[in-house]
Amino acid sequence: MKARVLSGVQPSGNLHLGNYLGALKNWAEIQSDYESIFCIVDLHAITVYQEPEELVSKIRETAALFIAAGIDPEQSSIVVQSSVSGHAELAWMLTCVTPLGWLNRMTQFKAKSEKQDTIGDGLLQYPVLMAADILLYQAKIVPVGEDQSQHLELTRDIAQRFNAQYGETFNVPETRLPTVGARIMGLDDPTVKMSKSVTGTNHAIALLDPPEVVRKKIARATTDSQPGVDPENMGAGIANLFTIANACDPAVTRSVVAGMRYGDFKKRVAEAVVARLEPIQKKYKEITTEPGYIDAVLQRGLERVLPIAQDTIRTTKRAMGLYVPGGSV
Ligand code: ATP
Ligand code: MG
C-alpha cells in the first residue's frame with residue numbers, strides 16, 4: 001500500500017507563485033508515489049473574514065488551479081475541507097489535548113492577529129485544525145512551504161501527546177519542503193513572505209496574471225542600489241528573484257553572469273516565470289469552460305476520502321471513551 005500524502009491551500013485570495021513553487025509544484029511531482037489528498041481548506045480561510053460570495057467562487061477556482069498546476073484528479077483526491085465534517089470534529093478532540101501555551105507561540109498567529117481589530121478564536125485554533133486535517137487521514141508526508149514548518153512541528157507534538165494519553169492512535173507525520181522555492185518573498189518587500197492575504201498590487205505574482213502583468217511586476221520588484229548582479233553578494237530582492245528563476249527554470253540562473261544589469265536580469269526572470277505559467281493558464285481555461293467538471297472532481301474526491309475520515313473519527317472516539325453510535329467493540 002502507498003503511504004498517504006496530505007496538504008492544502010486556503011481559498012483566501014488569488015493563488016500566487018509562492019503557493020505554486022512552495023506547494024503545488026511539489027504535490028504534482030510526488031503524487032504518483034503516494035496516495036495523495038489535496039484539500040481546499042475553506043474552514044481555515046474563515047479564520048479571517050471572507051466575503052461569502054467571493055469565498056464560494058474562490059473554492060472552485062482553487063480546485064481548478066490544483067488541476068491546472070498538474071494535480072491529476074484520477075490519481076489524487078481533491079477535496080473541500082468543510083465537506084468532510086471529520087475535520088471540525090477531530091479539531092475539537094485535539095483542542096482538548098492541546099496546551100494553550102503551544103498555540104500562543106505560533107508565529108503565524110502573532111503575524112495575522114496583528115492585522116485584526118478583533119482577534120477571532122479561530123485564528124488561535126488554526127494550527128489545531130491543521131493538525132486535524134493531517135491526522136484525520138493518518139498522513140505520512142505533508143508537503144508544504146517553509147512558513148508551515150512550525151505548524152507541522154505542532155502537529156507532531158499534538159499527535160504524540162494524544163498517543164501518550166490515550167494509546168497509539170495517530171501516525172506522526174513528516175514535513176516535506178521543496179529544495180528550491182520553500183519561501184518566496186514579496187516582490188514589493190523581500191523581507192516578508194509572499195501571501196494571498198497581503199494587499200498591494202506589486203506584492204505577489206498571481207498564477208492567473210497575464211504575461212504583460214508578470215513582466216511589469218517583476219520589472220518593478222524591489223532591489224538594492226548595486227549597479228549589477230553579484231552572485232556572491234545578493235541583496236534580499238535580487239536573491240528572491242534568483243530563487244524564483246531557479247525554481248521556474250534553472251537554465252536561466254545558470255545564464256546569469258556577474259555584473260549583469262538588473263534590468264536585463266529581471267527580463268530573464270520574467271520570461272522564466274511567463275513560460276512556467278503559460279501551460280497552467282491554458283489548462284485552467286480548458287477545465288473552467290467545461291460545465292460541471294470541477295464539481296464532479298470534488299464529489300469524487302469526497303467519496304474517496306470520506307471512509308478514511310469516518311474510520312479515524314470512530315477510532316479516536318473509542319480511544320477517548322466517547323460514545324460511538326452502534327459501535328460496540
Ligand atoms: P494566506 O495569506 O491567506 O495565509 P498564503 O499565501 O500564506 O495565504 P496558504 O493557503 O496559507 O497561502 O498556504 C498554502 C501553501 O502554500 C502552504 O503549503 C504554504 O506553506 C505555501 N506557501 C504560502 N506562501 C508561500 C511562499 N511565499 N513561499 C513558499 N510557499 C508558500
Ligand atoms: Mg498562509
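Every number for a ligand or one of its atoms is a count from 1 in the order of the listing. Just so it is clear, the structure is predicted and the values come from calculations on it, not from any experiment.
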contact_flag H16 ligand 1 heavy-atom lt 4.0 Å: yes

Where ligand 1 meets A23 - atom numbers and elements under 4.0 angstrom, heavy-atom basis: 15 (C), 16 (O), 18 (O)

State the atoms of ligand 1, each with its element, that fall below the 4.0 Å cut-off from a heavy-atom position in M194. 24 (N), 25 (C), 26 (C), 27 (N)

Should the pair E153-R156 be classified as a salt bridge under the 4.0 Å nitrogen-to-oxygen rule? yes

Proximity flag G13 to ligand 1, non-hydrogen atoms under 4.0 Å: no

Closer than 4.0 angstrom, basic N to acidic O: yes or no for E35 and R4? yes

Based purely on interatomic distance, does V9 place a nitrogen or oxygen under 3.5 Å from a nitrogen or oxygen of ligand 1? no

Residues K2, D33: salt bridge by 4.0 Å N-O rule: no

Is the closest side-chain donor-acceptor distance between S82 and D42 under 3.5 Å? yes

Closest to atom 30 (N) of ligand 1 among protein heavy atoms sits G18 O, 3.2 Å

Among all protein non-hydrogen atoms, which one is nearest to atom 24 (N) of ligand 1, and what is the separation to 0.1 Å? K193 NZ, 2.8 Å

Of G145, G8, S12, which has the heavy atom at the shortest distance from atom 14 (C) of ligand 1? G8

Side-chain ion pair, K267 and E271, N-O less than 4.0 Å: no

Under a 4.0 angstrom heavy-atom cut-off, which atoms of ligand 1 come close to G22? 29 (C), 30 (N)

Min heavy-atom dist N19 to ligand 1 below 4.0 Å: yes

Give the atom numbers and elements of ligand 1 that come within less than 4.0 Å of a heavy atom of S197. 1 (P), 2 (O), 3 (O)

Against L187, only a single residue in H203, M194, H16 fulfils side-chain contact (heavy atoms from CB on, under 4.5 Å); can you say which? M194

Other residues, nucleotides, ligands: >12 heavy atoms within 6.0 Å of E53 CD: no

Which of the numbered atoms in ligand 1 are below 4.0 angstrom from a heavy atom of A182? 28 (N), 29 (C), 30 (N)

Per atom 19 (C) of ligand 1, closest listed option by heavy atom (D147, L24, V144): D147

Going by an N to O cut-off under 4.0 Å, is there a salt bridge joining E303 and R300? no

If we count only N and O atoms by modelled type, under 3.5 Å, do the side chains of Q150 and T107 hold a donor and an acceptor together? yes

So the atoms of ligand 1 within less than 4.0 Å of a heavy atom of G181 turn out to be 29 (C)

Check: of K112, H44, R183, min heavy-atom distance to atom 1 (P) of ligand 1 comes from K112

What residue and heavy atom of the protein are closest to atom 27 (N) of ligand 1, and at what distance? I184 O, 2.7 Å

Just checking F109 against Y126, ring centres under 6.0 Å apart? no

Under 3.5 Å, is there a donor on one side chain and an acceptor on the other for D311 and Y137? no

Would you please determine whether S7 falls within less than 4.0 Å of ligand 1 on a heavy-atom basis? no

